[in-house]
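Quick note: numbers below take in every heavy atom, side chains included, and nothing from hydrogens, waters or symmetry partners. Letters A, B, ... are given to chains in the order of the sequence lines, protein chains preceding strands, and every chain is numbered from 1.
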Number of protein chains: 2
Amino acid sequence: MGAGQGTTERILDAASELFAQRGYAATTTRAIAESAGVNEVTLFRRFENKRGVLAALGERFSAQMAGRAVAAAPDSETVRETLLRLARMEIAGTLQNGGLAIRLAFDAKSVPEVAALLGEGIPSNLEGLADYMAEQQGRGELRSDIDPRVLAEAFFGLTSSYVMYRMVMGIGDLPEDVATDEGIEQLFDVFWSGAALGGDGR
Amino acid sequence: MGAGQGTTERILDAASELFAQRGYAATTTRAIAESAGVNEVTLFRRFENKRGVLAALGERFSAQMAGRAVAAAPDSETVRETLLRLARMEIAGTLQNGGLAIRLAFDAKSVPEVAALLGEGIPSNLEGLADYMAEQQGRGELRSDIDPRVLAEAFFGLTSSYVMYRMVMGIGDLPEDVATDEGIEQLFDVFWSGAALGGDGR
DNA sequence: GATGCATGTAAGTGCTCACTTGCATCTTAT
DNA sequence: ATAAGATGCAAGTGAGCACTTACATGCATC
């Protein structure tokens with residue numbers, strides 16, 4: 001095949017799946033190549049080295065993530081709707097690449113190149129959401145007796161552990177359609193009822 | 001030193017810390033030995049192999065866990081108190097061994113021996129808590145419009161991601177005293193206000 | 001049908017890792 | 001003092017891994 005295009009994609013797909021399943025360090029280049037149905041040498045002709053595969057994956061990843069900011073909330077939406085939508089996006093995005101982000105977040109502590117790739121992604125996401133929470137507290141939409149960072153942590157804690165349980169630890173069923181799944185709304189609702197003003201008489 | 005006793009403990013302590021930080025596969029026996037201030041050969045004289053260290057760690061671990069059931073709640077406690085106490089115990093226990101359990105839960109998918117060690121630990125914990133939640137729903141202590149398993153998942157999701165952020169990903173400050181820490185109570189309170197009956201008019 | 005390009009095959013290099021072996025040293029109990 | 005047991009040290013073995021090199025094959029285009 002002269003289809004040099006598809007080869008790169010197949011390698012990245014295989015790498016994404018294997019990294020997510022086993023982590024970066026435990027995934028061999030041989031396994032990636034085999035899983036992509038490609039010779040190992042081809043992998044090294046396409047990418048400078050194993051780290052290069054990870055880097056390319058990172059670019060593809062952040063391209064997908066591009067539209068995922070809280071900021072882009074239409075005015076017509078209630079805060080509850082915005083956060084539920086964000087939760088579904090968060091879960092869908094993380095599920096889509098097989099829990100890759102969560103897995104890599106774990107690897108980051110032991111694998112320097114992973115840390116470099118992930119960079120400030122997660123902390124800054126957390127901070128961004130905390131800012132949003134604080135803003136909504138100011139507007140009286142969220143209870144103010146709780147640190148906004150705690151609210152943000154609770155939010156991401158629920159979404160990330162939702163994916164973690166299912167993709168990494170194999171606990172619980174995968175949702176058929178993230179956009180409409182009942183269980184996700186229930187889980188979100190526990191958070192929301194706890195975070196909204198008026199929920200607890202505060 | 002003829003103190004053969006302390007040596008084993010020091011090796012296990014070092015292994016626990018390193019496994020938690022880097023994961024099982026990424027931790028070398030050399031690093032364990034060095035961190036324990038012991039020759040690598042000594043490690044292999046004390047334990048049959050690397051897996052043996054993990055197994056010994058597992059026994060010590062489940063010994064510590066022994067008293068950590070929800071069931072042991074005194075009658076004088078409210079449900080809120082019981083769950084908060086459980087949350088603090090959960091967090092303290094997981095922090096104490098440096099996020100080891102969470103880290104190993106991740107490794108389990110790629111490292112068969114880790115999976116064998118962890119066994120059914122986490123799923124059964126989840127189920128046990130779900131049973132408790134269902135019971136409290138029956139007594140009118142918790143809102144009934146949410147699947148008890150979702151409540152259990154939300155609970156463990158918050159406690160485990162609390163530890164995950166701090167120990168594994170290095171985000172946020174470590175609590176000085178888990179038993180009294182304010183942040184933990186706030187985080188729990190988000191869950192509680194969302195889970196309790198009457199919190200949301202349901 | 002010749003040229004170029006992507007891929008496959010086979011073999012190998014150098015490194016790190018789990019784990020071993022042989023011997024010296026130190027501590028403790030007798 | 002001596003014997004026994006725990007530890008250290010130096011060196012090595014075999015396996016797996018990332019990555020390389022040299023060469024052959026197939027598919028397009030001109």
Distance (rounded to the nearest 0.5 Å) between [X] [atom1] and [Y] [atom2]:
X	Y	atom1	atom2	result
T27(A)	R103(A)	OG1	CZ	8.0 Å
E141(A)	L83(A)	CD	CG	10.0 Å
F156(A)	T94(A)	CZ	OG1	9.0 Å

Just checking, any donor-acceptor pair under 3.5 angstrom between side chains of [X] and [Y]?
X	Y	value
S16(B)	R60(B)	no
R46(A)	T8(A)	yes
E40(B)	T29(B)	yes

> Relative to F44(A), does K50(A) satisfy both conditions: NZ or CZ under 6.0 angstrom from the six-membered ring centre, and within 45 degrees of the ring's axis?
Replying inline: no

>> Within 45 degrees of the ring normal and closer than 6.0 Å to the centroid, is that where the cationic atom of R166(A) sits relative to Y162(A)?
In response: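 Yes, R166(A) lies over the aromatic ring of Y162(A).
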
> For G52(A), which contact category applies under a 4.0 Å heavy-atom criterion: base, sugar-phosphate, or nothing?
Replying inline: nothing

May I ask you to evaluate whether [X] reaches the phosphate of [N], defined as a side-chain N or O under 4.0 Å from OP1 or OP2?
X	N	answer
N39(B)	dC9(D)	yes
T7(A)	dA6(C)	no
R46(B)	dT7(D)	yes

Calculate the interatomic distance between [X] atom [atom1] and [N] atom [atom2]; express it in whole Å.
X	N	atom1	atom2	answer
E9(A)	dT7(C)	CD	P	13 Å
I32(A)	dC17(D)	CD1	P	12 Å
E34(A)	dT9(C)	CD	P	12 Å

> Is the Y24(A) ring parallel, tilted or perpendicular to the F19(A) ring (thresholds 30°, 60°)?
Replying inline: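 Tilted.
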
>> Ring-plane angle category for W192(B) and F188(B), please: parallel below 30°, perpendicular beyond 60°, tilted otherwise.
In response: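 Rings of W192(B) and F188(B): parallel, under 30°.
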
> How bent is the helix from dG1(C)-dC30(D) to dT30(C)-dA1(D), comparing axes over its five end pairs at each side, to the nearest 10°?
Replying inline: 10°

Atom pairs under 3.5 Å, N or O on each side, protein against nucleotides 16-23 of chain C: can you list them with distances?
{"unit_1": "dA18(C)", "atom_1": "OP1", "unit_2": "T27(B)", "atom_2": "O", "d": "3.3"}
{"unit_1": "dA18(C)", "atom_1": "OP1", "unit_2": "K50(B)", "atom_2": "NZ", "d": "3.2"}
{"unit_1": "dA18(C)", "atom_1": "OP2", "unit_2": "T29(B)", "atom_2": "N", "d": "3.0"}
{"unit_1": "dA18(C)", "atom_1": "OP2", "unit_2": "T29(B)", "atom_2": "OG1", "d": "3.1"}
{"unit_1": "dC19(C)", "atom_1": "OP2", "unit_2": "K50(B)", "atom_2": "N", "d": "2.6"}

> For E48(B), does the CD atom have more than 12 heavy-atom neighbours from other residues, nucleotides or ligands under 6.0 Å away?
Replying inline: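 Not more than 12 within 6.0 Å, no.
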
> Near DNA chain C, under 4.0 Å by heavy atom, which residues of residues 12-19 of chain B?
Replying inline: none

